[in-house]
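A note on names: the letters A, B, ... follow the listed sequences, proteins ahead of strands, and every chain is numbered from 1.
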Amino acid sequence: MDYNFKDIEKKWQDKWFYEKSFKAIDFHPTKPKYYVLYEFYNISGNLHMGHLKGTIPADALARFKRFKGYNVLFPIGGDAFGLPAENAAIKTGINPHDFVENGLNNVINQSRKLGLSFDYDRTICTSDPDYYKWTQWIFLQLFNHGKAYKEKSKVNFCPHCNTVLSNEDSQGGKCDRCGSEVVQEVRWSWFLKMREYAEKLLGNIDRINMAENLKEAQRNWIGRSEGTQITFQIFNDNDENIGSLDIFTTCVETVYGITFVALAPENELLDKLKSNIKNWNEIEEYRKKTALRTEFDRLSDQKDKTGAKIEGIYVVNPINKAKVPVFTADFVLAGYATGAVMAVPSHDQRDYEFAQKFNIPCIQVIEGDTSKCAVEKKEYLSKNSKMMNSGEFDGMNVKEAKTKIAQKLIDMGVAERKVNYKMTDWAFNRQRYWGEPFPIVLCPHCGEVALDEKDLPLILPQVKDYLPNEKGDSPLSKATDWVNCKCPKCGREAKRETDTLPNLAGLSWCWLRYIDPHNNEKLADFEKLKYWGSVDCYTGGTEHITRHVLYAFFWQNFLYEIGAVPTRDPFIRKMGSGLILDSEGKKMSKSSANGVSPLEVIDKYGTDVARIHVHFLGGYEDNTPWTYDGINGITSFLDRVWSLQDMIKGEEISNEHIYELSILNKKLCEDYENLKLNTAISALMIFVKKVKEDGFITREELRQFLIFLNPLAPHITSEMFERVFKKQILDQTWPSYDEKNLVKSSVEIAVQVNSKMVAKVNIDTSKSQEEILSQVKEEEKVKNAIINKNIVKEIYVPNRLVNLIVK
RNA sequence: GCAGGUGUGGCGAAAUGGCAGACGCAAGGGACUCAAAAUCCCUCGAAGGCGACUUCAUGUGGGUUCGACUCCCACCACCUGCACCA
């Protein structure tokens with residue numbers, strides 16, 4: 001009888017859903033916990049191939065762990081707030097509230113069709129007031145603990161989305177959502193003090209089990225850099241001390257080579273020194289000019305340095321009292337360290353180029369050829385070159401001089417050791433309608449005032465006009481009934497904050513809410529948090545992984561410090577799934593014309609075939625081009641599996657199959673654990689091939705095999721199990737195997753003479769090394785190869801090979 | 001430029017110091033069939049030989065080792081991330 005996947009798959013999907021087959025039990029009395037998490041679905045459309053690639057390994061792991069006796073928590077939810085959902089709603093003309101509700105139902109129904117074993121009772125959605133109450137609560141805690149502040153500052157602004165963006169959302173000067181050029185604008189903005197957490201985040205990165213390239217990207221984003229901060233005194237032309245300037249450097253060893261210092265055009269120190277600057281008009285003009293340059297211009301002009309000399313002031317190099325001219329230049333970034341650099345043209349390529357253009361002299365302080373370009377730290381540190389032109393440090397090795405010079409400056413009281421980070425505080429507000437409202441009231445008398453916890457959630461009001469406007473004011477500002485309120489502190493007239501939280505806010509704590517999704521008193525019960533602990537395996541795409549994981553670390557650290565959660569580490573292991581590429585090797589997306597929908601594949605071939613095919617194409621972390629090629633092989637594999645029920649002969653495990661079954665069991669345990677589904681599939685195929693060759697399978701062998709295959713192909717195995725054994729496969733436990741059955745009684749080993757293959761010999765694996773060596777030497781081909789020669793060395797690798805070294 | 005990763009048949013890929021190419025696709029040949037589909041069997045890295053076989057092969061060049069896809073050094077190509085970060 002043929003396998004009718006359409007009816008059978010539907011039957012099991014309905015059964016699992018309505019019988020709540022995969023419900024996780026809080027505080028299970030006997031089973032240990034295991035927490036598998038797949039990232040939020042984005043509620044802006046249908047599931048795509050990426051979901052098939054990303055969810056199935058997590059599902060297989062969850063199903064495998066249940067057989068292994070774990071109490072598995074495997075939940076799902078929707079990321080519904082934010083630009084993707086709102087833009088999709090605007091595009092379709094549907095109100096976001098309705099759009100999101102339909103969208104969530106849609107993706108949940110689709111995920112049932114993938115046969116995913118989620119605990120659907122724990123489904124959460126970031127735009128649900130029961131959920132965002134606690135997102136707002138976390139913000140309140142941040143605010144009340146001084147970790148959130150509002151400040152007028154230069155921020156990234158997307159003129160197309162009409163909203164402020166975080167640095168993370170505007171990488172490369174382009175809006176992450178719409179690709180428009182981002183401009184820098186001065187605005188009132190909310191920030192979270194994430195920079196304070198830099199060292200703790202680095203600790204999280206060290207502890208988590210995650211691919212090295214992803215860790216590196218995160219360390220890069222944090223951008224930790226150790227160095228020395230030196231104070232320079234500033235003088236005017238009359239040699240009067242008019243202030244001081246702090247400069248951070250990682251190359252304190254070059255301090256004798258300073259020939260100019262440069263300030264970022266935006267540096268406020270310039271305004272303070274205005275009265276002493278003789279060419280103020282010129283400087284002001286340069287500042288205006290650079291302010292107009294877009295990020296893109298500044299980047300593309302890297303080779304061509306611009307700047308202006310500041311007349312009327314100079315600074316003194318504290319190490320040798322040399323007078324040093326001051327410039328302003330836009331290669332110096334205002335946002336990093338103190339927005340000023342000490343320039344040593346001989347040993348820094350950017351300083352070198354600037355000096356060439358402005359005819360500034362160079363002082364070489366470390367040996368090397370500086371005639372064509374700077375000798376930079378990478379070069380002189382690796383060679384540990386000698387110092388020159390550096391007073392008492394001449395002739396000393398650079399590495400030694402680095403510490404000694406720093407110490408001297410510190411002893412002089414003009415410097416301190418310092419660590420800087422590229423990562424800035426998290427710009428946390430968006431001028432959009434579709435997000436969590438800030439639980440903050442702006443009072444003309446009291447300033448920013450937090451709502452009381454009992455007034456949460458602060459519901460996002462329904463408005464007619466939710467489109468962003470061109471001035472970049474939040475659409476909520478037009479909801480006057482909602483905006484006007486009383487100050488919780490003084491009771492006088494006040495207004496609500498009308499910006500909303502960014503959508504990464506709701507994503508930054510979701511793994512905690514799944515643990516206790518319906519709790520009205522707390523974000524989650526502390527004892528339940530302790531029971532479920534950190535996520536054992538968190539899977540998802542790699543697209544926004546750097547930001548999402550860092551924000552997750554940040555919030556978890558903060559919540560840990562205020563006693564709301566029991567651990568600093570949200571995740572034990574984080575896996576980033578590769579992409580499904582289209583036939584041209586490009587990322588397959590909804591917008592690409594040749595995008596294939598997983599539902600289309602399921603419709604044609606069935607869910608089990610689709611699940612296996614996608615993962616037989618390549619490894620979990622690899623990017624794999626989509627193709628239907630090979631899918632027939634999977635169909636015929638499952639057809640052969642189906643036919644096994646007509647081949648049953650005997651009850652217990654047969655001598656013919658005990659080795660193959662045990663080896664398969666061991667291999668699958670490793671592969672499911674490591675999400676290596678491609679090799680798991682091939683191991684299963686090898687077993688079926690063997691059984692087919694032998695023409696029979698025993699009942700016990702089939703029982704075990706169906707359990708082995710179930711995590712990958714849950715439908716066909718459930719059906720076969722029910723038909724053959726009249727029981728439910730989900731009630732089974734993973735079979736055990738005996739170590740002694742992992743070795744065959746007889747194997748063929750390779751025999752080499754001087755590392756060259758001369759023969760293959762069947763040996764009895766119970767024999768000793770001596771017995772095997774003498775057996776091998778009796779073999780005709782081996783005899784011929786070693787005749788008249790002395791054996792100087794005998795190498796024996798058990799059950800693999802013998803290598804005889806002769807002279 | 002810096003960092004991380006990858007490089008193996010016609011294709012997707014296995015093998016992490018021990019018989020390279022498991023498993024699958026495609027291709028070719030055969031069986032069954034009036035015929036086709038489906039199914040089953042055989043061949044399938046390259047070159048040479050009628051042949052048991054031989055030689056060469058894991059991006060390139062060196063090295064370590066009895067033995068290297070695997071470890072070390074240098075280089076090339078591609079992918080990803082960051083990029084005037086002092």
Side-chain angles (χ1 to χ4, degrees), chain A residues 2 171-172 211-221 223-225 227-229 247-252 254 261-262 264 298-299 301-305 329-333 335-344 347-351 353-354 376-378 420-423 542 545-546 576 578-579 585 612-613 616-619 621-634 636-637 639-640 643 676 678-689 692 748-760 792-806:
Chain A
D2 283 346
Q171 296 182 31
E212 200 48 45
N213 60 333
L214 300 176
K215 287 192 173 202
E216 206 51 39
Q218 296 184 346
R219 293 199 184 100
N220 216 326
W221 192 261
R224 184 182 200 274
S225 153
T228 311
Q229 187 158 305
I247 294 179
F248 175 74
T249 178
T250 54
C251 306
V252 71
T254 62
V261 302
R298 271 171 96 152
L299 286 174
D301 270 10
Q302 274 184 37
K303 286 279 137 54
D304 189 25
K305 298 278 180 291
D330 70 359
F331 79 84
V332 184
L333 305 174
Y336 185 72
T338 63
V341 298
M342 54 170 243
V344 183
H347 303 290
D348 183 291
Q349 190 57 27
R350 289 157 306 152
D351 300 350
E353 283 158 18
F354 193 85
E376 295 199 281
K377 74 174 156 193
K378 191 180 179 249
N420 263 303
Y421 304 95
K422 275 194 259 183
M423 185 176 69
T542 50
I545 199 165
T546 301
L579 299 169
I612 294 177
H613 178 60
F616 200 51
L617 288 175
E621 290 174 316
D622 301 331
N623 294 331
T624 34
W626 168 259
T627 173
Y628 277 109
D629 289 352
I631 200 164
N632 292 332
I634 307 302
S636 74
F637 168 62
D639 283 346
R640 282 200 304 266
S643 74
K676 290 177 74 172
N678 51 344
T679 48
I681 295 162
S682 94
L684 287 156
M685 286 172 166
I686 290 167
F687 182 78
V688 171
K689 204 176 185 178
K692 279 280 189 178
E748 188 186 64
I749 64 164
V751 182
Q752 302 179 332
V753 173
N754 284 346
S755 306
K756 275 179 80 173
M757 279 274 299
V758 295
K760 292 181 178 185
V792 293
K793 198 172 178 185
E794 294 172 339
I795 294 150
Y796 172 63
V797 183
N799 301 333
R800 285 195 175 268
L801 63 66
V802 168
N803 190 3
L804 303 171
I805 310 304
V806 298

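Rounded to whole angstrom, the span from the NZ atom of K422(A) across to the C1' atom of G81(B) amounts to 11 Å. Taking atom CG of residue L214(A) and atom C1' of nucleotide A3(B), one finds them 13 Å apart after rounding to whole Å. Rounded to an integer number of Å, the gap from CD of Q349(A) to P of C85(B) is 11 Å. For W221(A) and C85(B), the CH2 to P distance is 15 Å, given to the nearest whole Å. Distance CZ (R350(A)) to C1' (A86(B)): 5 Å, rounded to an integer number of Å. In this structure, the NZ atom of K756(A) is 18 Å from the P atom of C66(B), given to the nearest Å. Whole-Å rounding puts the D639(A) CG to U39(B) P distance at 7 Å. Between the C1' atom of C79(B) and the CD atom of E216(A) lies a distance of 16 Å, rounded to the nearest Å.
Here the CG-CD1 distance, from L214(A) to I545(A), works out to 4.5 Å after rounding to the nearest 0.5 Å. Between the CG atom of L684(A) and the CD1 atom of I612(A) there is a distance of 8.0 Å, given to the nearest 0.5 Å. Rounding to the nearest 0.5 Å places CG of L804(A) at 9.0 Å from CG of N754(A). For the atom pair CD1 of I681(A) and CD1 of I634(A), the computed distance is 6.0 Å after rounding to the nearest 0.5 Å. In this structure, the separation between CG on N220(A) and CG on N213(A) is 12.0 Å, given to the nearest 0.5 Å. Separating the CH2 atom in W221(A) from the NZ atom in K422(A) is a distance of 9.0 Å, to the nearest 0.5 Å.
Between G7(B) and A20(B), the distance separating the two C1' atoms is 16 Å to the nearest Å. The separation of G48(B) from A35(B), taken at their C1' atoms, amounts to 43 Å, rounded to a whole angstrom. Spacing between G18(B) and A36(B) at atom C1', rounded to whole Å, works out to 49 Å. Taking the P atoms as reference points, G62(B) lies 40 Å from A27(B), given to the whole Å. Distance check on atom C1': C73(B) versus G21(B) gives 28 Å, rounded to whole Å. Distance noted for atom C1' between A14(B) and C25(B): 15 Å (whole Å). Only the P atoms considered, G59(B) is 29 Å distant from G49(B), to the nearest whole Å. Atom name C1', nucleotides A68(B) and A15(B): the rounded distance is 13 Å, in whole Å.
Side-chain proximity of F331(A) to A86(B), C2(B), C84(B): nearest is C84(B).
OP1 or OP2 of A86(B) has at least one side-chain nitrogen or oxygen of S225(A) nearer than 4.0 Å.
Distance alone, capped at 3.5 Å, is enough to place a donor-acceptor pair between the N623(A) side chain and the L579(A) backbone. Checking side-chain atoms of H613(A) against main-chain N and O of T627(A) turns up a donor-acceptor pair under 3.5 Å. No donor-acceptor pair under 3.5 Å is formed between the side chain of Q349(A) and the backbone N or O of E376(A).
Glycosidic conformation of G9(B) is syn; the angle stays within 90° of 0.
Within 4.0 Å (heavy atoms only), K692(A) reaches no atom of the nucleic acid at all.
Under 3.5 Å, the side chain of K378(A) and the base of C2(B) form no donor-acceptor pair of N or O atoms.
Annotation: ring pair (Phe, Tyr, Trp, His ring centres under 6.0 Å) contacts of F687(A) (sequence neighbours excluded): F705(A).
Two residues, N213(A) and K793(A), neighbour RNA chain B, and the one matched to the more 5' nucleotide by heavy-atom proximity is N213(A).
With hydrogens and angles left out, the side-chain atoms of T254(A) and K377(A) include no donor and acceptor closer than 3.5 Å.
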For this session: Using a 3.5 Å limit on both pairing distances, list the dot-bracket string of RNA chain B from the 5' end; Watson-Crick and G-U wobble pairs count, crossing pairs take [ ], interstrand pairs take |.
Result: (((((((..(((.....[....))).(((((.......))))).((((....))))..(((((..]....))))))))))))....
Problem set entry | Summary of protein contacts for nucleotides 9-26 of chain B, nucleotide by nucleotide, where a base hit scores B, a sugar-phosphate-only hit scores S (4.0 Å, heavy atoms) | ---BSSS--BB--BBSS-
